[in-house]
Amino acid sequence: MDLRPTADQRALQTSARDLLARRFGRDRLRAAVDDPALDRALWRELGAAGFFALRLPEADGGVGLGLPDAVLVFEEAGRALLPGPLVAGHLLAGVVPGAATGERVVGLCDVGTGGARLWEHPEDCDELIMVEDAGPDASCGDGPDASSGDGPGASSGCGPDTSSGDGPDAYWNAPDWPTLAPLRSIDPLTPLARVVSYPRRAPRALDVPRLRREATLLTAALQLGSAARTVEMAVEHAGRREQFGVRIGAFQAVKHLCAEMLIRVDIARSAVYAASLTGQSLPVIGAKVLADEAAVRNARDCLQVHGGMGFTWEADVHLHLKRAWLRLEQWQSGAKAEEALAEALLADAAAV
Amino acid sequence: MDLRPTADQRALQTSARDLLARRFGRDRLRAAVDDPALDRALWRELGAAGFFALRLPEADGGVGLGLPDAVLVFEEAGRALLPGPLVAGHLLAGVVPGAATGERVVGLCDVGTGGARLWEHPEDCDELIMVEDAGPDASCGDGPDASSGDGPGASSGCGPDTSSGDGPDAYWNAPDWPTLAPLRSIDPLTPLARVVSYPRRAPRALDVPRLRREATLLTAALQLGSAARTVEMAVEHAGRREQFGVRIGAFQAVKHLCAEMLIRVDIARSAVYAASLTGQSLPVIGAKVLADEAAVRNARDCLQVHGGMGFTWEADVHLHLKRAWLRLEQWQSGAKAEEALAEALLADAAAV
Amino acid sequence: MDLTYTPEEEDFRARLREWLAKALPELPARPDPLDWPGRRAYDLGWQRRLYDAGYGSLHWDAPPALRLIFLEETELAGAPYVGANFVGLLHAGPTIAAEGTDEQRARWLPPILRGEAVWCQGFSEPDAGSDLAALRTRAVRDGDDYVITGQKTWTSHAEIADWCELLVRTDPEAPRHRGISWLAMPMDAPGITVRPLRTLAGPAEFAEVFLDEVRVPVANRVGAEHDGWRVTMVTLSFERGTAFVGEVVACRRTLGGLARTARANGRWDDPVLRRRLGRLNAEFTALWRLIQWNVGAGGEAGGAPGAGGSVFKLRYSQARQELYDAAAEVLGASGALDADQEWTAARLSSLSYTIAAGTSQIQRNIIAERILGLPKGR
Amino acid sequence: MDLTYTPEEEDFRARLREWLAKALPELPARPDPLDWPGRRAYDLGWQRRLYDAGYGSLHWDAPPALRLIFLEETELAGAPYVGANFVGLLHAGPTIAAEGTDEQRARWLPPILRGEAVWCQGFSEPDAGSDLAALRTRAVRDGDDYVITGQKTWTSHAEIADWCELLVRTDPEAPRHRGISWLAMPMDAPGITVRPLRTLAGPAEFAEVFLDEVRVPVANRVGAEHDGWRVTMVTLSFERGTAFVGEVVACRRTLGGLARTARANGRWDDPVLRRRLGRLNAEFTALWRLIQWNVGAGGEAGGAPGAGGSVFKLRYSQARQELYDAAAEVLGASGALDADQEWTAARLSSLSYTIAAGTSQIQRNIIAERILGLPKGR
């Protein structure tokens, strides 16, 4: 019983950090801010490094590792602000040919009840998987029969669900099938589109609850990495910047902001790592709630520590904040997450 | 247009402060902690000073002042932690004979929907007024016909309301009529009982909405006074107590706690004073919400500034916190208040 | 305590409201935010209309109640913001009025009031933010001129300003607060380079200003030489005082808009959000009352709001951020993440409120030391 | 990363659980909180049973995983709290084990483990709270004794303690941290007066201890003379580390109780409250994982938890206060204001958590300076 990463896991995390530092350092990050089109060469390199195939069996060309290892690697991606549909690529590596190697970029969009219906990097995806809720009235696709031929469905909104209720909950889409609403993404590194409707022409058998759970956990890991990075940025700045003749980190007001930031990271990290070990739904939801809070509030506190400099476009602080806001809306979060955690208290009468 | 008290009002407030300092100084306060029975002589002295008759017409022996003046006096009572059914005495001064002079001590208990049903100083009250909501299903009395003779009703809970819905919303009770549930009050200065049921034998025609509104405002003024006092206590302590070779008020962590306390007071004061001028329902509710927050959070921050000393029974900090918790439950507060303030945003489409 | 207005004040309000109803429809279309010359013309044109109608100096030398009515009514009517006239009307102008010579007042104030001159502020420097007194821009006396070299930052409207209220160090040997002077620098003087400064909220509103041996006549100094710190404090107390009146009115209107939008899109069914909006209603109502309080108090103290402005500024900057966080909840994911949504853009801008014009940390120090009298420390 | 236990550890858990199921029903009735002799007998008796069953020293010298299992299972089974044995088992004991001589360990540790001696802590003084190193209680060497005069406060269980771990100043000339020594003082020595200290939560749990020329043999000093500060730091790091394991388990149980009570009394219909409880569920689950993390880390570092304990302590003390604030919401007015309600009493006690054993302000300094490496300052 030891929640800390093993030596092997630390080595894995370090190699991910090194790869990202080499291939996605600050210059590349700022270049991506100006042109967020996905770097396909980097994507293939991530594929070659096992980023997507990490949990596929070695027999299938994968690395054969587990969810805890994936979480450590995603934490690094979050630290580095690496853009792109990373969660999709990782979770669909065993489902969509070419995803595991990074040859093909695949998107994943949650259109279930409360799903954000947002599609990351729509221009860069070679294909797209839609996941819905099972059962009637839960989804907003055009229905399997709503369109014919090879064009996208023409429906412009959510009609009544005509599916049987026990059909598949996932649909494959070519990138030009869905009807999209334009959206100027708040995160300059992550172009977005909102999916208005899409044809249910190509159903896919996927374990959607599991997919959602793992997407939630990996998104929490990205948030955790960002939260950890913004503490470092705040501490670096506070240890360097002088005002009133001293480094501002000597002021309690700054010191205590930084201390609270670290606490959020440590709490979120305990929750995320533990959830990756059990893989259970509730710990995953709890981890996302805490990692969301850590990422958003740490980015804001980091901005406050940076003062006016933090408010500039040139500082990286806002990139962390905007990405944290984006991830907050992805997968399980907010009201639904807290309701699920509350409900569990009633169910859990016997255990602690 | 000037929200600040006039010279006359400042003089009124000062004289209230002087009276309370003279008659209810720290020794009396601590004596009351050990024996919270009401000091009837002090009560009569408050009556003689116009505390209860403040807003009665001069022709009726009152002082002929207005709600803003009452708010200033109640702010002082809150500062001094003066115990007793002050709000009741003031609001019923024109209704219950002897209340205006302080000869008789009268209680006031809100048993409407969401009313706390708590009775302050039950042992000390000579009589008690119950206020209910108008309309069916809103009240929990025994009903006008539920008891006969001169004893209290025997009903032990809330039955269906048998009133017509447009009858009176207030009932007079002798102190031994209601059925009470025991309660060891968290506030050592304020004994409490919970009213389980009571007879609706002696209806009184009162403007209950107005009574509630003014009770809410005066309670907010008490909270404001307490919040202002705990800032002073924190500042006094921080300016005197030395640790690490300096007065702890020199530490930013302490300084910033105190600054936030003052801000809460200033915001609450603006809201309470302005609401006393308009007398309208929504500003009153908003003022109570902000004054509640100021009183509770300031008492807690004051405790934190005092450190271990603040946790002792001998320090007065806990008396402010416990009273603030008590007042938080009295009259409009919490969910209902916030819902009313939200609803007003919709209604208020035209105005700002 | 009195919330009523005198008949004269109510009359002023009625006439102003009437005038606004006529004047606003005659205004040209608002320029694009990136069209600097257009914005200059628009903002100056509006100030000229105000001036011609007798409302040109309401921002600083009117009785407090009239100023409040003016700010309230212009905001309610949807009149243009003070915009490019901000520094002239609310910073430099009042400072010159209070500290300048008769000649200086005659030279600089009428063009500000008539809508003929745009001013910008040259206070902050890269290494002098919260610690403004650490400023290093040097002014060396050479005959009747100062020769100025250094760098300023967070200068808004620098691209279109005629004048800059500039803080410079005139005595590098003196204690930090004693060697500073306040100058009016013409922005067309040789040696000035303006470079736009992009913020996280997008297009450039601010600029960096580089000064390379810029000559400014000694006669352009307001206040005594080396006494600029005291002069500056006058200006800053204005900034922390009534500068936000219009914004609070606007926030209250936004709050109503949030509620109606939430009801329209179904988010109103969430009691957590509803109660949050209700609480913000109490908050902004109280902030409005606190402004009225401060205006009343400032009137008595001679027009310059005191440290009480820090109390308002701290709570308001926090409340404004909470307002736009609530807006993100109302909008839902696709609105909160859409940079083209007005409320989302405002949410980004709101992030500067706890930093600009004195961080919240600095304001808390001011309150603790100047109002509460706690001992100075780190 | 590993959340599983070894077969040996699972076996330990199973045997412990079995033993608890047998032992707990045999316990006498819990004494009244005001019955000091009764509490002493009860708490020592329970420790004796643990000792006889081989669990007497689980608190400090077991492998971390076993200690965690022990604390978890005893709490789950509703076993008595460590109570009067707290200082002996978790403060003084581990300190003597780490820093004492062979003779000292042989003299003091067995009675602690066998449930024969109660210890109390004499660290804080009226003028030395957060600034513990400011302590002024003097110890003057006189032959083989120290003669001690001064005053201690916040001493829990002083009324029934046999020993006191006492910090005294042995060199008043030395720098503050260098003139302190750590002594074991017998509580029956002449010159000791114990006066109960009442807290806002009600009956006295703590006491003030007055020392008037109390003689303590030099042989009772643990560690070198004047080296008591370092010895103390060992003790404090224990206090901030695993001391809270049982409490977190208890908090999670309370949280479940809140949810069930809320459903029973209708408060569950309020989504604001429900979501608050949901969030606390995430919070306490994470705190539990953080304890496991710290125990794992502490195991590697040799048993003494480090500054990471400050991270836990800060967040936990905050979460505990939020838990009992939520309890007040669940109970409603008549419960939240009833001092006899268990949760209401616990709410009052929770107020000390952000103060005792190092205020939250001090903990944040520790985290910022020792973990994050920010410069020292005020």
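The basis for the numbers below is simple: all heavy atoms, side chains too, and nothing from hydrogens, waters or symmetry mates. Source: prediction; values computed, not measured.
At a threshold of 4.5 Å between non-hydrogen side-chain atoms, the residues C/Trp293 and B/Arg4 count as touching. Using a 4.5 Å cut-off on side-chain heavy atoms (C-beta onward), B/Glu338 and C/Arg276 make no contact. In this structure, C/Trp268 and B/Leu346 have side chains that are in contact, with non-hydrogen atoms separated by less than 4.5 Å.
The two residues C/Leu374 and B/Gly239 come nearest to each other via the heavy atoms CD2-N, 4.3 Å. Among all heavy-atom pairs drawn from C/Met1 and B/Leu3, the shortest one is CG-O, 3.0 Å. For the pair B/Ala274 and C/Leu3, the tightest heavy-atom approach, listed with the atom from each and the gap, is O-CD1, 3.8 Å. In terms of heavy-atom proximity, C/Ala368 sits nearest to B/Lys255 at CB-CG, 2.9 Å. Here the shortest heavy-atom pairing between C/Ala282 and B/Leu341 reads CB-CD1, 3.9 Å.
Taking chain B as the reference chain and counting heavy-atom pairs below 4.5 Å, the highest number among C/Leu290, C/Leu277, C/Leu314, C/Thr6 is found for C/Leu290. Contacts with chain B were tallied for C/Ala65, C/Gly257, C/Ala259; C/Ala259 has the most, counting heavy-atom pairs under 4.5 Å. Highest contact tally toward chain C, considering only B/Thr6, B/Ile263, B/Val235, is held by B/Ile263 [criterion: heavy-atom pairs under 4.5 Å]. Your options are B/Pro5, B/Gly286, B/Pro68, B/Ser270, and the one with the most heavy-atom pairs under 4.5 Å with chain C is B/Ser270. No other option in C/Gly256, C/Ala286, C/Pro271 has as many heavy-atom pairs under 4.5 Å with chain B as C/Ala286.
Proximity to chain C is limited to the side chain of B/Leu262, based on heavy atoms less than 4.5 angstrom apart. With a 4.5 angstrom heavy-atom cutoff, C/Thr4 touches chain B only via backbone atoms. Only the side chain of B/Glu260 comes within contact range of chain C, with heavy atoms under 4.5 Å apart. Both the backbone and the side chain of C/Gln361 come within contact range of chain B, each with at least one heavy atom under 4.5 Å from a heavy atom of that chain. Looking at B/Leu290, only its side chain comes within 4.5 Å of chain C, counting heavy atoms on both sides. With a 4.5 angstrom heavy-atom cutoff, C/Leu258 does not touch chain B via any of its atoms. With a threshold of 4.5 angstrom between heavy atoms, B/Leu257 does not approach chain C through any atom at all. Proximity to chain C is limited to the side chain of B/Val231, based on heavy atoms less than 4.5 angstrom apart. If you measure heavy-atom distances from B/Ala335 to chain C, the contacts under 4.5 Å come from both the backbone and the side chain.
Between the side chain of B/Asp2 and the backbone N or O of C/Asp2, no donor-acceptor pair lies under 3.5 Å.
A 6.0 Å sphere centred on CZ of B/Arg247 holds no more than 12 heavy atoms belonging to other residues, nucleotides or ligands. Sparse packing is recorded around CZ of C/Arg263, with 12 or fewer heavy atoms of other residues, nucleotides or ligands lying under 6.0 Å away. The number of heavy atoms from other shown groups lying within 6.0 Å of CZ (C/Arg15) is above 12. Residue B/Glu242 qualifies as enclosed at atom CD: its count of foreign heavy atoms under 6.0 Å is above 12.
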Q. What do the steps show when you test C/Arg289 against B/Arg269 for side-chain contact (heavy atoms from CB on, under 4.5 Å), and what is the final call?
A. CA-CA 9 Å; C/Arg289 297 310 187 189; B/Arg269 181 174 282 130; over 6 Å; no
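Residue B/Glu343 holds its CD atom at 11.5 Å from CG of C/Asn281, rounded to the nearest 0.5 Å. Note that CG of B/Leu345 is 8.5 Å distant from CZ of C/Arg260, once rounded to the nearest 0.5 Å.
A salt bridge does not link C/Arg275 with B/Glu339: every distance from a Lys NZ or Arg NE/NH1/NH2 to an Asp or Glu carboxylate oxygen is 4.0 Å or more.
Judged as a salt bridge (charged side-chain N to carboxylate O under 4.0 Å, His left out), and not counting sequence neighbours, the contacts of B/Arg55 are B/Glu214.
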